[in-house]
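Keep in mind it's a predicted model, so treat the numbers as computed, not measured. Order of the sequence lines fixes the chain letters, A, B, ..., with proteins taken first and strands second; residue numbering starts at 1 for each chain.
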2 protein chains.
Amino acid sequence: MERLNLGLENGFTTLLKTCLDQKKTVLLVGRCKVDYVGRARSTLEYGDRIILVKEDGSIIVHRPYGYQPVNWQPPGSVFHIKKMGERYLLKAVRRKPQESLEVTFTHIYMIQGFSLKDEGKFSLHVTELEMKEALTLKPDLLEPGFKVLRPEKPVPPGFVDLYGLDKEGRRVVVELKRNAADRPAILQLYKYIESLGGRGAVRGVVAAPCLAKGAQRLMEQMGLEFKRVDPKECAKVLSSTDWRTRSLSEYMGERTV
Amino acid sequence: MERLNLGLENGFTTLLKTCLDQKKTVLLVGRCKVDYVGRARSTLEYGDRIILVKEDGSIIVHRPYGYQPVNWQPPGSVFHIKKMGERYLLKAVRRKPQESLEVTFTHIYMIQGFSLKDEGKFSLHVTELEMKEALTLKPDLLEPGFKVLRPEKPVPPGFVDLYGLDKEGRRVVVELKRNAADRPAILQLYKYIESLGGRGAVRGVVAAPCLAKGAQRLMEQMGLEFKRVDPKECAKVLSSTDWRTRSLSEYMGERTV
DNA sequence: GCCTAGGTCCCGTCT
DNA sequence: AGACGGGGCCTAGGC
């Protein structure tokens, strides 16, 4: 970690240019307004904000409250720096879509550049993907005798989460949800079922920890089934087996169709 | 804007406690690991990161790259600060859902508190709502002779974006999209139409700047129509009239049924 | 390149 | 309080 901290007055353009050239991360705190033009358009009147300019060409503007940034530009943006009289301008532009973000400072309370080394591994558990892996390893978690033919079966409108056979050999289409299964999830499953020949041809199963309220009625109308699946149980299955040595793709390879 | 910047060694717990008590915003840069447990679970190994702790009880952890935070806790969290030997701990807990985020620092490169005043107004233009207002003001933007009976007509499955009559007196149900109309949008419109008596009873119109690729076929299958509506045009209509003085609800009030 | 689907999505709005 | 839909959503994975 190196650190750059020039004087605020003349430092702005110099420091910012240096940091961006050297691909450093810059922290700014100051009074500014923000104008965005692109897919939509926004204006933010003057106020005190925190700005992060990252080495990958992303920029994020935070107000002193709220989880989400008020304005931003994703990685890959190109920055332009200018001093306009008493004001400092920082502009971030990207193509595809063509968008521009302009921050105009009247005061800069802090500006500092950092060379940050971050190679730490991030891992997230209890995702929908992990639930799918667990059900592929132990299909009985869905119902006794269930066999997975394919995770991620492509059908014309999109991708079925799990596709398999029940113990009586009927085809089963499973829509998997990590959270409560809601209306859009039910509709998605119904769409898949129609494209696979309708309810006569396949069973439609919603697998989730629970159902959203409005979803229950809709599900019944459409003749779909609900199977409770506990994300924690799925996580347990994965951690208690040597599943890491056997990838999902191996399982797919073992099974034809 | 006031500023707090104590020495790093003993300052961590003191400064952080002071800032949180006084509801100040704190910027931290340091080497840390992060552990999250709640709806899901995550671990992030040691590395250099930027941490924002805001006055409303939100915390955001940023890696030196990427738009999105790697870890966070939304507003309303409660913070706990501790020094554990050589390490500094910052924990953010919230109920509903029960979640906990723990940041463990081995090094702190910068810690600084700010009292930020931000009352600047933020406004986003050309939202779907504004497009709706524009079409309500100038229904000809959809097609000549179109009349709006109701914006936001409630039907059993949800809300129709626009409901009106065409120049020949047929009922028209409009699904409005600010971006390309995609498959879910088409399906939603279809659902509404069925609940209003099907295609024989009403025209189904998708109004959007363009169609997503898969959407075209689906739309044709379902016998729906597409009408191009340009968001920029809508913005022009709104900015060229005294629309800000007349709210959407006034318009709804003026019309019965 | 576009499209599909997930997210600790967050967030407002309405029942 | 839960449910529902939007977002400049962003991001990853397929084709």
Is_stacked (Phe159(A), dA5(C)) at 5.5 Å, 30 deg: no
Atom C1', compared across dC10(D) and dG6(D): separation rounded to whole Å: 14 Å
Side-chain N or O of Trp72(A) closer than 4.0 Å to phosphate OP1/OP2 of dC10(D): yes
Carboxylate-amine/guanidinium contact Arg94(B) Glu99(B), below 4.0 Å: yes
Residue whose nearest DNA chain C nucleotide is more 5′ - Leu176(A) or Tyr67(A): Leu176(A)
Whole angstrom value for the distance that separates C1' of dC10(C) from NE2 of His62(A): 12 Å
Under-4.0 Å side-chain N/O to phosphate OP1/OP2 contact, Arg39(A) with dC10(D): yes
Shortest non-hydrogen contact between Asp48(A) and Pro64(A), atoms and distance: O-CD, 3.5 Å
Sugar-phosphate only, base, or nothing, as touched by Gly158(A) at under 4.0 Å among non-hydrogen atoms: sugar-phosphate
Exercise: identify the closest heavy-atom pair between Val172(A) and Val205(A): CG1-CG2, 3.7 Å
Dot-bracket summary - DNA chain D, pairs being Watson-Crick or G-U whose distances fall under 3.5 Å, with | when paired to another strand: |||||||.|||||||
Whole-Å gap separating C1' (dG1(C)) and CZ (Arg95(A)): 18 Å
Separation of atom NZ in Lys54(A) from atom P in dC10(D), rounded to whole Å: 14 Å
DNA chain D: 5'-proximal contact among Val70(A) and Gly214(A) (nearest heavy atom): Gly214(A)
Arg178(B) side-chain proximity, nearest of dG6(C), dC4(D), dC9(D): dC9(D)
Sugar-phosphate, base or nothing in reach of Val126(B), heavy atoms under 4.0 Å: nothing
Sugar-phosphate, base or nothing in reach of Arg183(A), heavy atoms under 4.0 Å: sugar-phosphate
Shortest non-hydrogen contact between Pro209(B) and Asn179(B), atoms and distance: CD-O, 3.5 Å
Residue-phosphate contact under 4.0 Å: Lys177(B) side-chain N/O, dG6(D) OP1/OP2: yes
Nearest-angstrom distance from the residue atom CG of Leu187(A) to P of dC4(D): 11 Å
Base dG7(C) to side chain Glu128(A), donor-acceptor N/O within 3.5 Å cut-off: no
Touch class at under 4.0 angstrom, heavy-atom based, for Thr127(A) against every strand present: sugar-phosphate
Proximity to the side chain of Ala212(B) - top-ranked nucleotide from dC3(C), dG8(D), dT11(D): dC3(C)
Nearest-Å distance for atom pair CD1/C1', residues Ile59(B) and dT8(C): 14 Å
Euclidean distance for C1', dT11(D) against dG7(D) (whole angstrom): 14 Å
Between dG8(D) (C1') and Leu44(A) (CG): distance, integer Å: 14 Å
Side-chain N or O of Tyr192(A) closer than 4.0 Å to phosphate OP1/OP2 of dA5(C): yes
Pro75(A) side-chain proximity, nearest of dT8(C), dT11(D), dG8(D): dT11(D)
Asn179(B) side chain near dC9(D) phosphate (N/O to OP1/OP2, under 4.0 Å): yes
Check: Glu99(A) side chain, dG8(D) base, donor-acceptor under 3.5 Å: yes
Between Glu130(A) and His125(A), a side-chain donor and acceptor under 3.5 Å: yes
Short side-chain N/O contact to dC2(C) OP1/OP2 from Lys96(A), under 4.0 Å: yes
Closest contact, heavy atoms only, Ala215(A) versus Ala181(A): CB-O, 3.4 Å
Atom-to-atom span, CD of Gln73(A) to P of dC9(D) - whole angstrom: 12 Å
Phosphate-side-chain proximity, Gln188(A) and dA5(C), N/O vs OP1/OP2 below 4.0 Å: yes
Ring geometry between Trp72(B) and Tyr67(A) (parallel below 30°, tilted from 30 to 60°, perpendicular above 60°): tilted
Heavy-atom closest pair, residues Phe105(A) and Leu28(A): CZ-CD1, 4.1 Å
Closest heavy-atom pair and its distance - Lys91(A), Glu102(A): CD-OE1, 3.5 Å
Length of the line joining Gln68(A):CD and dC10(D):P, which is rounded to integer Å: 12 Å
